[in-house]
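Structure first, then comments.
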Amino acid sequence: MKWTKKKIAYNILQLVFYGVVPIVLIVLTYGGIGNTKEAVGFKIAAPGIILLALVFLCLKKLFINRKLGDAHAQLNQLKADLKVKVDEKEVTNIENAIKSLGTAEVLLNAVVPVLLFALMIICCKVMEAQIVKLSGTCGFVLMSYLVGTVFSVLDAREVKSKHKEVKP
């Protein structure tokens, strides 16, 4: 598929509204730079950490999972090739590729749930007092995702073949 100027712009706008805007909003709402003795450096409140984790999960779902699907298909193809190849050097190369892809797939799939539950356990105790602020921030993040979805739909509809003639 051909990457047109519109397709590139839509992809950039998707990333901005799916990732950048929510992260900036969360950091502005829940983050603070402390200049007192008690608060040195950058700190972010627990609900902000949860929201950052959710934004990360959404970005993973929208962008990384596509690549993981391709890697999974490639892994299945390599496993099928392993069954029919007889050359020892080729078999060794395929085995090494399967090990690398399999390890990466398992680690990427395992890290996210572990991080999510660890963050949830830590942050649930702190969240009771800040639930109203969290609700409002979630609303703004939702609006940003809806705008990102509009650009995602526009991107999906922007299909041009590399071999199609361009009319002036």
Side-chain angles (χ1 to χ4, degrees), residues 1-76 99-162:
M1 192 172 349
K2 185 177 178 182
W3 281 84
T4 63
K5 290 179 183 179
K6 281 184 182 179
K7 189 159 184 68
I8 292 169
Y10 293 150
N11 275 291
I12 290 170
L13 289 170
Q14 279 181 65
L15 188 58
V16 165
F17 284 103
Y18 281 146
V20 176
V21 170
I23 289 173
V24 168
L25 180 63
I26 291 166
V27 169
L28 290 175
T29 304
Y30 290 103
I33 299 176
N35 55 5
T36 63
K37 290 180 183 177
E38 296 82 23
V40 177
F42 182 78
K43 294 189 177 188
I44 190 163
I49 294 170
I50 291 174
L51 287 173
L52 287 173
L54 290 174
V55 168
F56 171 74
L57 287 174
C58 291
L59 288 173
K60 180 186 177 297
K61 173 81 171 140
L62 295 169
F63 295 103
I64 297 172
N65 283 358
R66 290 183 206 160
K67 297 295 181 189
L68 280 174
D70 292 344
H72 187 70
Q74 184 181 1
L75 188 61
N76 286 338
K99 288 176 188 176
S100 297
L101 279 172
T103 302
E105 183 181 30
V106 167
L107 290 176
L108 285 173
N109 286 328
V111 167
V112 173
V114 169
L115 288 177
L116 179 64
F117 282 108
L119 286 172
M120 290 300 286
I121 290 169
I122 293 169
C123 296
C124 281
K125 301 201 187 269
V126 180
M127 256 177 67
E128 291 173 345
Q130 298 180 357
I131 199 73
V132 173
K133 191 176 187 181
L134 175 64
S135 174
T137 304
C138 285
F140 286 117
V141 170
L142 174 64
M143 288 189 321
S144 178
Y145 273 105
L146 291 174
V147 172
T149 301
V150 169
F151 288 113
S152 183
V153 168
L154 291 172
D155 176 48
R157 298 187 54 78
E158 186 65 26
V159 177
K160 301 281 186 206
S161 172
K162 290 181 180 180

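Between Gly148 and Gln14, the shortest heavy-atom contact is O-CG, 4.0 Å.
Residue Leu101 holds its CG atom at 11.0 Å from CG of Asp70, rounded to the nearest 0.5 Å. Interatomic distance, CG of Leu146 versus OG of Ser152, reported as 12.0 Å (0.5 Å rounding). Atom CG of residue Leu13 and atom NZ of residue Lys6 lie 13.0 Å apart, to the nearest 0.5 angstrom.
Exactly one residue among Val20, Val141, Val55 makes a side chain to side chain contact (heavy atoms under 4.5 Å, CB included) with Leu25. That residue is Val141.
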Test side chain to side chain contact (heavy atoms under 4.5 Å, CB included) applied to Phe151 and Val147, step by step:
CA-CA 7 Å; Phe151 288 113; Val147 172; 3.7 Å; yes
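The closest side-chain heavy-atom distance from Tyr145 to Phe17 is not below 4.5 Å. Inter-residue side-chain proximity for Thr149 and Tyr18 is flagged as met; some heavy-atom pair is nearer than 4.5 Å.
Of the possible donor and acceptor atoms, one in the side chain of Asn11 sits under 3.5 Å from a partner among the backbone N and O of Lys7.
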